[in-house]
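Sharing a structure here in structure tokens format.
Note that these values count all heavy atoms, side chains included, but never hydrogens, waters or copies made by symmetry.
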Amino acid sequence: MDLRYEFYPTGNAGEAISLALFYKNFSKPIEWTYTVTGGTDLTYGFQNAQGAYSYGLEAEVKLDLGRIGAKGLNWSFNGSLIRSQVLFEEGSLQKNRPMQGQSPYLINAGFFYRHDRTGWSASVLYNRIGKRLIGVGRSVGLTGSEDTANVPDSYEMPRDLLDLSLSKDLGEHWTLRLMCKDVIGEQVRYQQGTETIKSYYPGRSFLFNIKYKF
């Protein structure tokens with residue numbers, strides 16, 4: 001279900017401001033979780049939850065900044081606040097938790113510049129995803145028993161992403177483009193309980209291409 005309000009400041013789709021409330025219901029969602037392979041031996045695998053739901057608020061803005069003297073410059077923003085809940089069968093020992101893979105918030109923003117006379121274009125894109133559950137923990141065995149295995153949930157921690165792009169039109173058919181992805185290069189980090197179980201630096205990537213339009 002989705003309830004949305006949209007406003008177009010200049011009466012065209014190039015500029016828009018919208019605000020939406022949404023609700024989603026899931027039947028037997030597939031999740032990546034610890035499963036029992038024998039005794040109390042645990043390994044990751046896929047399993048269906050009984051059900052789940054999510055709801056939240058989404059805001060989106062697209063504006064032409066030429067109205068404040070910045071001709072050719074546009075700004076866009078999209079942000080969401082999301083709450084999710086997994087449903088368990090009656091008598092289940094599992095605790096209430098968000099859906100695996102669902103972030104509590106999402107942020108996407110960017111500036112886009114275009115100079116029609118010279119054919120130059122540029123963009124700056126920013127992205128951030130909130131702390132999200134990537135592996136569902138489990139408790140197996142009787143309480144107080146030596147055979148009890150308690151595995152905490154695993155989370156991917158938030159980080160900032162920044163991408164840059166610069167392009168130049170050469171005549172009517174050719175376009176040169178240079179991109180740099182993940183300029184900041186923040187560490188990717190996975191956490192289980194209070195312990196960091198995996199971390200690495202993904203590194204920056206550069207792309208140069210030549211496009212010909214018929």
Side-chain angles (χ1 to χ4, degrees), residues 1-24 54-84 98-99 101-134 155-189 201-214:
M1 293 187 293
D2 184 276
L3 177 63
R4 180 180 297 270
Y5 171 77
E6 296 180 347
F7 172 67
Y8 299 91
T10 56
N12 62 67
E15 287 193 300
I17 300 173
S18 68
L19 190 66
L21 297 171
F22 63 87
Y23 172 85
K24 299 178 181 180
S54 67
Y55 61 90
L57 175 69
E58 180 183 16
E60 185 172 8
V61 180
K62 296 179 181 179
L63 291 178
D64 182 351
L65 300 184
R67 64 174 67 240
I68 57 173
K71 185 178 180 181
L73 185 64
N74 291 270
W75 176 64
S76 70
F77 170 84
N78 179 276
S80 299
L81 294 174
I82 307 163
R83 180 176 174 83
S84 63
M99 293 180 64
Q102 178 63 70
S103 297
Y105 66 85
L106 305 169
I107 299 174
N108 295 283
F111 286 96
F112 304 88
Y113 176 75
R114 171 74 182 176
H115 193 279
D116 292 327
R117 185 173 60 83
T118 61
W120 282 102
S121 298
S123 66
V124 179
L125 303 175
Y126 171 78
N127 172 263
R128 183 178 175 89
I129 296 176
K131 177 182 176 180
R132 59 183 175 184
L133 179 66
I134 60 165
Y155 287 88
E156 179 182 359
M157 306 306 289
R159 74 185 190 104
D160 299 310
L161 288 168
L162 187 68
D163 298 336
L164 304 178
S165 175
L166 181 67
S167 66
K168 176 72 168 70
D169 292 338
L170 302 176
E172 297 182 0
H173 302 285
W174 294 94
T175 301
L176 305 181
R177 188 181 189 191
L178 176 65
M179 292 182 63
C180 179
K181 299 182 70 65
D182 200 0
V183 176
I184 301 174
E186 279 194 0
Q187 185 183 51
V188 177
R189 187 162 61 92
Y201 289 96
R204 300 168 184 86
S205 60
F206 297 88
L207 172 69
F208 176 74
N209 64 34
I210 302 174
K211 182 173 70 173
Y212 181 82
K213 181 171 64 175
F214 292 94

Which heavy atom of S103 sits nearest to which heavy atom of I82, and what is that distance?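 Heavy atoms of S103 and I82 come nearest at O-CB, 3.7 Å.
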So do the side chains of Y55 and L21 get within less than 4.5 Å of each other, counting heavy atoms only?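 They are not in side-chain contact.
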Flag the pair R67 and E15 as a salt bridge only when some basic side-chain nitrogen lies within less than 4.0 angstrom of an acidic carboxylate oxygen. yes
For a 4.5 angstrom cut-off between non-hydrogen side-chain atoms, does D163 reach M179?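 A side-chain contact is absent here, since even the closest heavy-atom pair is not under 4.5 Å.
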Minimum heavy-atom distance between P9 and I17, given as atom pair plus value: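 Of all heavy-atom pairs spanning P9 and I17, the closest is CG-CD1, 4.3 Å.
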In terms of relative ring orientation, are F111 and W75 parallel, tilted or perpendicular, with 30° and 60° separating the classes? tilted
Between the side chains of D160 and Y126, is a donor N or O closer than 3.5 angstrom to an acceptor N or O? yes
Closest non-hydrogen atom pair between A122 and L166, with its separation: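 Minimum heavy-atom separation between A122 and L166: CB-CD1, 4.0 Å.
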Do the side chains of L170 and L176 get nearer than 4.5 Å, heavy atoms only? yes
Measuring from atom CG of L106 to atom CG of N78, what distance do you get when rounded to the nearest 0.5 angstrom? 8.0 Å
For the side chain of H173 and the backbone of K213, is there at least one donor-acceptor N/O pair under 3.5 Å apart?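 Yes; at least one donor-acceptor contact below 3.5 Å.
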What is the distance from atom OG of S123 to atom CG of L164, rounded to the nearest 0.5 Å? 7.5 Å
Using ring centroids (six-membered ring only for Trp), state whether F7 and Y5 fall under 6.0 Å. no
Should F112 and S76 be marked as a side-chain contact (heavy atoms from CB on, under 4.5 Å) after you check the CA-CA gap, both sets of side-chain angles, and the distance that decides it? CA-CA 8 Å; F112 304 88; S76 70; 3.3 Å; yes
Going by distance alone, is a donor N or O of one side chain under 3.5 Å from an acceptor N or O of the other, for R177 and S165? yes
If every non-hydrogen atom of F206 is compared with every non-hydrogen atom of C180, which pair is closest and at what distance?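 Shortest heavy-atom separation between F206 and C180 comes out as CE2-SG, 3.4 Å.
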From E58 atom CD to S80 atom OG, the distance as rounded to the nearest 0.5 Å: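 It comes to 4.0 Å.
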Quick one: are L19 and L57 in side-chain contact, heavy atoms under 4.5 Å?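 SC-SC contact between L19 and L57 confirmed.
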Side chains of P158 and I129 in contact at under 4.5 Å (non-hydrogen atoms):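 Not in contact.
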Could you check F22 against M1 for side-chain contact (heavy atoms from CB on, under 4.5 Å), going step by step and ending with a plain yes or no? CA-CA 6 Å; F22 63 87; M1 293 187 293; over 6 Å; no
Please report the interatomic distance OH(Y8) to NZ(K62), rounded to the nearest 0.5 Å. 8.5 Å
Charged N to carboxylate O under 4.0 angstrom, R114 versus D169?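 So R114 pairs with D169 through a salt bridge.
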With side chain to side chain contact (heavy atoms under 4.5 Å, CB included) as the test, pick out the partner of R132 among E156, M99, M157, Q102. E156
Greater than 12 external heavy atoms within 6.0 Å of R4's CZ: yes
Hey, what do you get for OH (Y105) to NZ (K131), rounding to the nearest 0.5 Å?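 Those atoms lie 10.5 Å apart.
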Crowding at NZ, K168 (>12 non-hydrogen neighbours, <6.0 Å):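 Counting neighbours around NZ of K168, more than 12 heavy atoms of other residues, nucleotides or ligands fall under 6.0 Å, so yes.
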R159: salt bridge (charged side-chain N to carboxylate O under 4.0 Å, His left out) partners, not counting sequence neighbours: D182
Minimum heavy-atom distance D2-A20, with the two atoms named: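 Looks like OD2-CB, 4.2 Å.
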Over 12 non-hydrogen atoms of neighbours within 6.0 angstrom of OH in Y212: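 Counting other residues, nucleotides and ligands, OH of Y212 exceeds 12 neighbours.
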Closest non-hydrogen atom pair, D64 against L73: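 That would be OD1-O, 3.5 Å.
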State the CG-CD distance between L161 and E186, to the nearest 0.5 angstrom.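 If we round to the nearest 0.5 Å, L161:CG and E186:CD are 8.0 Å apart.
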Kindly indicate whether the side chain of I210, heavy atoms from C-beta on, has any atom under 4.5 Å from the side chain of W174. yes
